[in-house]
Every structure is written in C-alpha cells, then in structure tokens.
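Data block below; observations after.
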Amino acid sequence: MNTTIVLAIAIFLLLYITEKRRFFNAVVLGFLGLYMLSTIISHYPLLLPNEQGIMSKMGIVIILGSFPSMMFILSIATFFNSKVLLEKEGRKVRNLLLAVFGLVFFIMMIWYVFVIFTNIEHEIWHILFFYAFLIFGYTMFLYTSVMAYATIYLFTPIFYEPNYIIALGSGLIGDKVPPLLSSRLDEAVKQYKKYGERPYIIVSGGQGSDEKVSEAYAMKKYVVDVHQIPTQKIFMEDQSTNTEQNLAFSKEIMDKHAQGKKYRSLFVTNNFHVFRASIYAKKARLDAQGVGSKTALYYLPNAFTREFIGLLEMYKWIHITIFLFITLFIGLILRSYV
C-alpha cells in the first residue's frame, strides 16, 4: 500500500480515537477519500496517457461524460425523493429542500454541456462556470465527507456503561408524541434495558408555541405509559428549545444529581441527527456519545441535508472565508481577461 495513504489513514485514526466529535475529522476523511480515489484513477489503464501523452478515447469519454451523467442521476433521484416526501409528510417548504438541490444539479449539468460541448469563444463563460464548479465542488465535497463520517460515527459501538441516557426532543403534535419522537424514546428505553435498568433517563425538550404541554412532559408520559418505566428513574428537562440547550440543560441536571461524582452519559436521537448532536455534546463538555434511532428511509435524504446545512451554519465563518478566497481568486482571473 502507498506509504502516503498509510500515513493519512493513521492520522485519521489518531484524530478519531482521541475525539470522535469533531467536524474536522469529516474533512480529513474527505481528503483521504479523494487521495485514494485519485490514486486508483491514476493507475487505471483506460485513463492513463500513452507514450505520446495522449489519453485513450475511452478515457476522454469517461472523464467528459461522468460529470453530466452523475448530475442527471442525482437530479432525478432528488426530485423523486421530494415527491415521495411531499406525499407522505405534507406540502411543507422544508420538504422541498432536496428538490432545490436537484434543480442545482440539473442547472450544473446543462451549464457543463453548454460550456464543454459547444464552441464558446468568450473566456468569461468558462471562468464563470469554473467559479460555479468550485463552489459546487466544495459544497459536495463537504456533503459527502460529512455523510461518510456521520455514518462511521453512527455505527461505532459504545464501550462504556452510561449513568444517564438523554432522550432529545423533536417536537409534539399538540400534546401527542409523533412517530419521529417515539422512535427516540423507544431507543432510549432499549438502551436503558440494555444496561440492566441502572441508568437514569432524562427526557429533554421545552414547550413550543404550538404545543399544549412541554415535550419533556409528553415524553415522560409516553415512557411511563408505553414502557412502564418507574417515574423515579426519569428526570425532566423542560426548558430547552434546541439541541444545544437540550444537552447543556441536561448536563446541569446530571451535575446536580451526581453531587460531584464522576459520571458518563449517552444521548439518543434519530440516526441522521447523531453527529451534529455529538458536536453540541462536546461543546457542552459532556462525556457522552450518541445512539441513533431508526428513521424511515424516504425521510433520510431530506433530513440529513437539513443537518448538513445546520453544520455549515455552526462553522459559517470558516466557510464564508473560503467562499471569499474562491471569489477573490476568480476575480483576479476575470480581471486579466477584461
């Protein structure tokens, strides 16, 4: 195996073992994947140039045809998923998120074909496409990196016994626990029983403007009524309004209950939400890893895309800085042609 790849894998494993709850780990994994892919491609006979430095016709077809083909497939897949989501979850703006991504894929495909396969002499069109391609490529690099890393994190087993299990809220329908939230609570009870019913369960969630009771109250009622968990094993955290507060306020409850003793915890949320929630757990200085509950397959792409946007927002100034550098770079190129 290539020495550089071995070193890159070793660096990633070191980062992962020392602290799993880092966005930077996903970026390192992405670069590792890119390097491995480029190594494979550079050794693929069809793509290698001959003695005169000329690439085979098949190699040219693969390189020029792969991008629009991939964009077309992705656009069709996102449009189809949005259609299913609208049918099952209702006509809400947030359910159109993947359709927007699909439209972007389709526009990039048309623009690529227009620039590459038509004789456009004006360099500005090529430069503008290059600019759009850099922004698009950067976004897709982060998306695939985060998706791959979040999957690795989700399936990493937990090797310690928690003293507390935090069930994160996700919203009520009036005073009723909807399927998305019930899956989290069912998983929290499953973890509770897995560890011999020794941990305490913390149900975390405040009351929204359209909710009749706090999430914590409805969650506790569900756990007691459906799973017959003793009330003395359940703590309610009913002031939080988001994931960051869920974990920070739950920590205050655990600190008070532990009375200075060292403790460990785990949090339960839906599988698409585990990685971002883990970063908030790290931010709250919680010694906790995450466990994911099952989510309907049709719901996952849109839900994970919202999570990705949430992660971008968490580190927005880094991404804005990179965007400005790309813009400055393209601006300098444009200036030389104007």
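Bear in mind the structure is a predicted one, so any value in this text is a computation, not a measurement.
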**Asked** Could you state the interatomic distance from CG (Leu154) to OG1 (Thr151), rounded to the nearest 0.5 Å?
**Response** 7.0 Å
**Prompt:** What pair of heavy atoms forms the shortest contact from Lys294 to Asn271, and how long is it?
**Reply:** CA-ND2, 4.0 Å
**Item:** Salt-bridge contact Lys233-Glu197 (side-chain N to carboxylate O under 4.0 Å)
**Value:** no
**Prompt:** If you draw a 6.0 Å radius around OH in Tyr217, do more than 12 non-hydrogen atoms from other residues or ligands fall strictly inside?
**Reply:** no
**Request:** For the pair Glu19 and Lys282, find out whether any cationic side-chain nitrogen is under 4.0 Å from an anionic carboxylate oxygen.
**Result:** no
**Item:** Centroid-centroid distance, His257 to Tyr263, less than 6.0 Å
**Value:** no
**Asked** Does a side chain donor of either Asp186 or Ser293 reach within less than 3.5 Å of an acceptor in the other side chain?
**Response** no
**Arg285 side chain vs Lys251 backbone, donor-acceptor pair below 3.5 Å** = no
**Message:** Can you give me the closest heavy-atom contact between Leu181 and Gly169, atom names plus distance?
**Reply:** CD1-CA, 3.9 Å
**Audit row: Thr243, His273, side chain to side chain donor-acceptor pair (under 3.5 Å) steps and yes/no** = CA-CA 10 Å; Thr243 303; His273 185 232; 3.2 Å; yes
**Asked** Thr78 versus Val100: any side-chain heavy-atom pair under 4.5 Å?
**Response** no
**Minimum heavy-atom distance between Arg276 and Met314, given as atom pair plus value** = CG-SD, 3.8 Å
**Message:** Which heavy atom of Tyr153 sits nearest to which heavy atom of Phe275, and what is that distance?
**Reply:** CD2-CA, 4.4 Å
**Asked** After noting the C-alpha distance and the side-chain angles of Leu7 and Thr3, does the key distance pass the side-chain contact (heavy atoms from CB on, under 4.5 Å) rule?
**Response** CA-CA 6 Å; Leu7 180 60; Thr3 306; 5.6 Å; no
**Message:** Is it the case that atom OH in Tyr160 sees more than 12 heavy atoms from other parts of the structure closer than 6.0 Å?
**Reply:** yes
**Complete:** Of all heavy-atom pairs linking Ser214 and Asp238, the shortest is OG-CB, 3.8 Å
**Prompt:** Side-chain heavy atoms under 4.5 angstrom apart, residues restricted to Ile, Leu, Val, Met, Phe, Trp, Tyr: same cluster for Ile165 and Tyr200?
**Reply:** no
**Message:** Surrounding OH of Tyr315 (heavy atoms of other residues, nucleotides or ligands, distance under 6.0 Å), is the total greater than 12?
**Reply:** yes
**Request:** Flag the pair Val203 / Leu185 as yes when at least one side-chain heavy-atom distance between them is below 4.5 Å, and no otherwise.
**Result:** yes
**Message:** Measuring from atom NZ of Lys194 to atom CG of Leu266, what distance do you get when rounded to the nearest 0.5 angstrom?
**Reply:** 8.5 Å
**Asked** Is the Tyr143 ring parallel, tilted or perpendicular to the Phe101 ring (thresholds 30°, 60°)?
**Response** tilted
**Sub-4.5 Å side-chain heavy-atom contact between Ser250 and Phe235** = no
**Message:** Could you measure the distance from the CD1 atom of Ile333 to the CG atom of Leu128? Nearest 0.5 Å is fine.
**Reply:** 11.0 Å
**Asked** Are Ile253 and Tyr280 joined in one hydrophobic group, where the rule is that I, L, V, M, F, W and Y side chains link up if heavy atoms are under 4.5 Å apart?
**Response** yes
**Message:** Quick check: is Met254 connected to Ile201 through a chain of hydrophobic side chains (ILVMFWY, heavy atoms under 4.5 Å apart)?
**Reply:** no
**Request:** Kindly determine whether Lys190 and Val268 satisfy side-chain contact (heavy atoms from CB on, under 4.5 Å), including the steps that lead there.
**Result:** CA-CA 10 Å; Lys190 180 181 175 181; Val268 178; over 6 Å; no
**Prompt:** Applying the 4.5 Å side-chain criterion to the ILVMFWY set and letting contacts propagate, would Ile17 and Leu14 be lumped into a single cluster?
**Reply:** no
**Beyond-backbone contact of Leu29 with Asn25, side-chain heavy atoms, under 4.5 angstrom** = no
**More than 12 heavy atoms of other groups within 6.0 Å of Leu332 CG** = yes
**Prompt:** Judged by atom type as modelled, is there a donor-acceptor pair below 3.5 Å linking the side chain of Asn270 to the main-chain atoms of Phe272?
**Reply:** no
**Asked** Roughly how far apart are Thr241 OG1 and Phe249 CZ, rounded to 0.5 Å?
**Response** 7.0 Å
**Message:** Check for me, please, whether Val177 and Tyr192 land in the same ILVMFWY cluster - side-chain distances under 4.5 Å, paths through other members count.
**Reply:** yes
**Asked** Do the side-chain N and O atoms of Glu237 and Ser204 include a donor-acceptor pair separated by under 3.5 angstrom?
**Response** yes
**Request:** Starting from the C-alpha separation in whole Å, work towards a yes-or-no answer on side-chain contact (heavy atoms from CB on, under 4.5 Å) for Leu172 and Gln207.
**Result:** CA-CA 9 Å; Leu172 304 175; Gln207 184 174 351; over 6 Å; no
**Partners meeting ring pair (Phe, Tyr, Trp, His ring centres under 6.0 Å) with Phe31 (sequence neighbours left out)** = Phe141
**Item:** Check against side-chain contact (heavy atoms from CB on, under 4.5 Å), Val27 and Ser145
**Value:** CA-CA 6 Å; Val27 176; Ser145 300; 6.0 Å; no
**Request:** Would you name the heavy atoms of Thr269 and Arg184 that are closest together and state the gap between them?
**Result:** OG1-CZ, 3.1 Å
**Prompt:** How long is the gap from CD on Gln289 to OG on Ser265, to the nearest 0.5 Å?
**Reply:** 9.5 Å
**Request:** Assess the pair Tyr16 and Tyr149: is the distance between their ring centroids shorter than 6.0 Å?
**Result:** yes
**Message:** Donor-acceptor pair, distance only, cut-off 3.5 Å: does the side chain of Glu215 make one with the backbone of Gly171?
**Reply:** yes
**Request:** Give, for atom OG1 of Thr327 and atom CD1 of Ile320, the distance between the pair rounded to the nearest 0.5 Å.
**Result:** 11.5 Å
**Message:** When you compare the side chain of Phe23 with that of Ile318, does any pair of heavy atoms fall below 4.5 Å?
**Reply:** no
**Prompt:** Any donor-acceptor pair under 3.5 Å linking the side chain of Gln259 with the backbone of Lys256?
**Reply:** no
**Request:** For the residue pair His227 and Tyr222, categorise the inter-ring angle as parallel (less than 30°), tilted (30 to 60°) or perpendicular (more than 60°).
**Result:** perpendicular
